[in-house]
Amino acid sequence: MIKKINLTNEIDAFNNNGFVIFDKFLLEENIEVLKNRFNDLFDGKFENTIEPDEWNWKKNLSDPSATRQICNVWKSDNLIRKIVCNETIGLIASKLMEWQGARLVQDNILWKPSGGKTLGYHQDSSYIDWIVPQTMISCWMSLDQTSQKIGTLEFVTGSHKWGLSPPTVNFHSPDDYRRELINFAKDNNKELNITYVEVPPGGASFHHGYTWHGSGINKTSLNRRAIVSHCIPSNAKFHSTNIGGTGKIYKRYKKLNTNEMDESFFPILWNKEGYQTFN
Ligand SMILES: O=C(O)CCC(=O)C(=O)O
């Protein structure tokens, strides 16, 4: 599924920049299969008949030029589960964040068609005040050749050192996808140095949950599709009271009388004892 990777200079690069980019990550043999799977999933055809937790874009109902997104597809599709729960992602996430292990908090599949609209700049960790500690790392895997022109994912270099702001209000299709970022930079006297994730099909990036990121309009005639595995520490717990951001959906998986997270809903990808929920 995923190429084995030995981290060398990437740990320093991640600590300095708040992200790291791999040209080769998903094995080539997966790419066409996954593209076909995207057609089914966005048509509402789910292998396990279970519906994903968030179905933000629905065919014939939603804006056809919006970036299409479905969240927690791993529950609906076994191939997506094998990708987003892959132990290599958990291992790299843990090494970069210096965690004892990593678990999946949520996945996304994203499809930005030709002319597809923006995703507003944001910091992923701002959406998880319902988790302790409020920290995250995300692995973004591309099925297509990406470029600035296709509206690829973009990061503000070093912005993981800027602390955490409240969640972005305009996430889906804002006219000015950098507005909240620019306001923050002005108010806090920060310089913006933007890096575009330009990778071949199967390339990937990992970004820190505090790293500001977003993406522009797809100005090409081609599709831009990606799969994202958002990870938290394997020993993370539910916050006993907070319910901001995505908590209004995912806190439904909190059991009575405990703040422990159940691996049935938040699977372990890798931990230093060698355990994985799915292998
Ligand atoms: O693919 C994109 O444009 C945005 C992805 C994103 O926000 C993420 O992976 O956290």
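One-based numbering, in listed order, for ligands and for the atoms of each.
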### Query
When you measure from atom 4 (C) of ligand 1 to every protein heavy atom, which one gives the shortest distance, and what is it?
Leu119 CD1, 3.7 Å

### Task
Can you sort out which atoms of ligand 1 are near His122, meaning under 4.0 Å from one of its heavy atoms?
7 (O)

### Query
Looking at Leu110, which atoms of ligand 1 are within less than 4.0 Å of one of its heavy atoms?
1 (O), 2 (C), 5 (C)

#### Entry: Option passing side-chain hydrogen bond (donor to acceptor under 3.5 Å, both in side chains) with Lys117 (candidates Thr67, Asn218, Asp63)
Asp63

### Query
Do you know which of Trp212, Phe155, Phe19 makes ring pair (Phe, Tyr, Trp, His ring centres under 6.0 Å) with His207?
Phe155

#### Entry: Short side-chain to backbone donor-acceptor contact, Ser142 and Asp144, under 3.5 Å
yes

### Summary
Of all protein heavy atoms, the one nearest atom 8 (C) of ligand 1 is His213 NE2, 3.6 Å

### Query
What about Phe278 and Ile89, same hydrophobic cluster or not, with Ile/Leu/Val/Met/Phe/Trp/Tyr joined at side-chain heavy-atom distances under 4.5 Å?
yes

### Task
Examine the side chains of Tyr253 and Asp53 and answer whether a donor and an acceptor come within less than 3.5 Å of each other.
yes

### Query
Taking the six-membered ring for Trp, are the ring centroids of Phe171 and Tyr177 within less than 6.0 Å of each other?
no

### Query
What's the shortest distance from atom 3 (O) of ligand 1 to any protein heavy atom, and which residue and atom give it?
Ser215 OG, 2.6 Å

### Query
Can you list the ligand 1 atoms lying under 4.0 Å from a non-hydrogen atom of Val228?
9 (O)

### Task
Looking only at protein heavy atoms, identify the closest one to atom 2 (C) of ligand 1 and say how far it is in Å.
Arg224 NH2, 3.4 Å

### is_close_aromatic(Trp140, Phe25), centroid dist under 6.0 Å
no

#### Entry: Proximal ligand 1 atoms for Trp140, defined as those under 4.0 Å from one of its heavy atoms
1 (O), 2 (C), 5 (C), 9 (O)

### Task
Please state which part of Asp124 comes within less than 4.0 Å of ligand 1, counting heavy atoms only: side chain, backbone, both or neither.
side chain

